[in-house]
Amino acid sequence: NLPLKKIEAKIPFSSEYKYMATMHTEEKGTVIYVKGAPEVLLAKSTLSYSEQEAWGQTATAFAKKGQRVLGFAYKKVDSKQELTHESLTQLTFAGIAGLIDPPKESAVKAVKECQQAGISVKMITGDHKDTAKAIAEQIGLKHTAKVLEGIDLDLMSEEELTRQVPKVDVFARTTPEHKLRIVKALQKNGEIVGMTGDGVNDAPALKRADIGIAMGIAMGIKGSEVSKQAADMVLGDDNFHTIAKAVKEGRRILDNLQKTINFFLPTALAQGLILIWALILNRPLPLSPVQILWVNMVTTITLSYALGFESPVSEIMKRPPRDPKQGILSGYHLFRIIYVALLIMVPAYLLAMQFEGQSLQQTILLQNIVLAQAVYMINCRELSKPSLNQGLLQNKSLFLSLGILALLQGMVIFLPIGQQLIGTVSLTMTQQLLIGANVILLFLVVEIEKGIMNKL
């Protein structure tokens, strides 16, 4: 119980040898204190085989309860003794301690969400295999019947590890080399691997993984600078649920990006087809350069950002991961882009040609294209499901953009100054109703097509 003096020498902990040691000078002499994996310290102790077995069984009992087990030992040495790995023999074993670190509820929830999303969660730890297995069962990992230890991995070839790694979710007593081999084996199976870690030992695996995720420095967590430099992203906390939320947000961003592209391309293609058709028929341009600029400007200002604020769909974390080889637009998307462009162009052009006067024709065409884009944006809220659902009311940005669009477009259709600037004329109620019929036709056709494609 005497106070310790300063540390004379130290061997820092490493997952390679699974212990740490310090040398202290006390009043009664020099002592080396060692803590680490119980089985390692027992093998270096003066205990008999039967005594080691008894302590090993006690450690296993602690580990099966999900406790992290530490062994403690010491050795009195001469003051001239150097602290080396070779000097750590004939230790006096002092005992063991079980540390309880129960899984957070958020971690259990996150593992479940990831599994529903088609993400396989694996535990790679330096803890005792029984501790790792107990915790893995508590957090809900699937393949926990078999636990591979570092010594098992050392005996496996790369081909054997590649075959085993999909069937095992728990790896115990691992070193940095083992972590790196596991990541490589998963990648050989075609998996996209995300690796988490916060120490120097995790850096090689973080660098090799497709997505290296290092722990941050918030909330008192001191993630290794080496691991941060090796990783692709750094978490602001140590909460695994943050990763699940990041996956959800990433899927939402991809969905909204696809919606935005599916919205813009048909409307841009429709404008291009109208101009090409007029050139082929040797007719005057259906829209003036100023009107073409207005169509693109007004939709860019008002409609371009609205779909980016769409909330994630309810089943976003229940669908399998996207194939990394899949393009952002599928063949089905290209089909829709083409037929929607035709639906915008053909009825609008035919309607405009029913009236005399270039200014009136241009105004009808301009109004038709702008309103068609507004309505088709609502279609694109859901790429494969009905657009008119409860989520429509949650996107306030959509209503704001539609309101601004209505105001700007109303200025160029009804105000004399707007008509002079853009080259438009006033439209009768009949003409507005005919344009409205075209727009409603577009909306209904897209919604019906969604239902048909879902059934097919």
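Rounding to the nearest 0.5 Å places OG1 of Thr196 at 7.0 Å from CZ of Phe240. Between Ile292 atom CD1 and Leu287 atom CG the span is 5.5 Å, to the nearest 0.5 Å. Atom OH of Tyr376 sits about 11.0 Å away from atom CD of Gln373, to the nearest 0.5 Å. With rounding to the nearest 0.5 Å, the separation of OG in Ser397 from CZ in Phe309 is 4.5 Å. Atom OG1 in Thr174 sits 12.5 Å away from atom CD in Glu16 (nearest 0.5 Å).
For the pair Gln409 (side chain) and Val370 (backbone), a donor-acceptor distance under 3.5 Å is absent. The main-chain N or O of Thr363 is never found under 3.5 Å from a side-chain atom of Thr424 such that the two would form a donor-acceptor pair. In this structure, Gln116 contributes its side chain and Glu113 its backbone to no donor-acceptor pair below 3.5 Å. Between the side chain of Arg173 and the main chain of Gly150, no donor-acceptor pair closer than 3.5 Å is present. Of the possible donor and acceptor atoms, none in the side chain of Glu149 sits under 3.5 Å from a partner among the backbone N and O of Phe171. Looking only at distances, a side-chain donor or acceptor of Thr267 sits under 3.5 Å from a matching main-chain atom of Phe264. For Asn395 (side chain) and Ala306 (main-chain N/O), a donor-acceptor pair under 3.5 Å exists by modelled atom type. Of the possible polar contacts, one joining the Thr131 side chain to the Gln67 backbone as a donor-acceptor pair under 3.5 Å is found. A distance-only check finds a donor-acceptor pair linking the side chain of Gln361 to the backbone of Phe355 [under 3.5 Å]. Of the possible donor and acceptor atoms, one in the side chain of Arg251 sits under 3.5 Å from a partner among the backbone N and O of Arg319.
By the neighbour-count criterion of 12 heavy atoms within 6.0 Å, atom CD of Gln326 is densely surrounded, having more than that number from other residues, nucleotides or ligands. Annotation: Lys248, atom NZ; neighbour count of heavy atoms from other residues, nucleotides and ligands within 6.0 Å does not exceed 12. Under a cut-off of 6.0 angstrom, the local environment of NZ in Lys112 is sparse, with at most 12 non-hydrogen atoms contributed by other residues, nucleotides or ligands. The environment of CG in Leu433 is crowded: more than 12 heavy-atom neighbours from other residues, nucleotides or ligands sit within 6.0 Å. Atom CG of Leu350 has more than 12 neighbouring heavy atoms from other residues, nucleotides or ligands inside a 6.0 Å radius. With a 6.0 Å radius and a threshold of 12 heavy atoms from other residues, nucleotides or ligands, Met156 has its CE atom above the threshold. Heavy-atom neighbours of Lys259 NZ from other residues, nucleotides or ligands within 6.0 Å: above the threshold of 12.
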Go through Glu315 and Lys385 one step at a time and tell me if the salt bridge (Lys or Arg N to Asp or Glu O under 4.0 Å) criterion holds. CA-CA 12 Å; Glu315 71 278 4; Lys385 291 186 175 182; 2.8 Å; yes

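If you run side chain to side chain donor-acceptor pair (under 3.5 Å) between Glu158 and each of Arg181, Lys188, Arg163, only Arg181 comes through. Exactly one residue among Val183, Leu153, Asn189, Leu148 makes a side-chain contact (heavy atoms from CB on, under 4.5 Å) with Val165. That residue is Asn189.
Counted by atom type alone, Gln164 and Lys146 present one or more donor-acceptor pairs between their side chains at under 3.5 Å. In the model, Asp202 has no side-chain atom that pairs as donor or acceptor with a side-chain atom of Ser227 under 3.5 Å. The closest side-chain donor-acceptor pair between Asn389 and Arg381 falls under 3.5 angstrom. Counted by atom type alone, Gln419 and Ser426 present one or more donor-acceptor pairs between their side chains at under 3.5 Å. For the 3.5 Å distance criterion, the side chains of Glu310 and Asn256 fail to qualify, holding no donor opposite an acceptor.
Residues Thr144 and Ala136 share a closest heavy-atom pair of CG2-CB, 3.7 Å. Closest non-hydrogen pair, Ala134 versus Lys65, comes out as CB-C, 4.4 Å.
By the 4.0 Å N-to-carboxylate-O rule, Arg68 lies close enough to Asp127 to be salt-bridged with it. Ion pair Lys64/Asp130 not flagged as a salt bridge, since none of the NZ, NE, NH1 or NH2 atoms sits closer than 4.0 Å to an Asp/Glu carboxylate oxygen.
Among residues at least two apart or in separate chains, side-chain hydrogen bond (donor to acceptor under 3.5 Å, both in side chains) pairs with a member in residues 436-454 are Tyr332-Glu449, Arg336-Glu449, Tyr339-Glu449, Asn368-Asn438, Asn379-Glu447, Ser387-Glu447, Ser387-Lys450, Glu447-Lys450.
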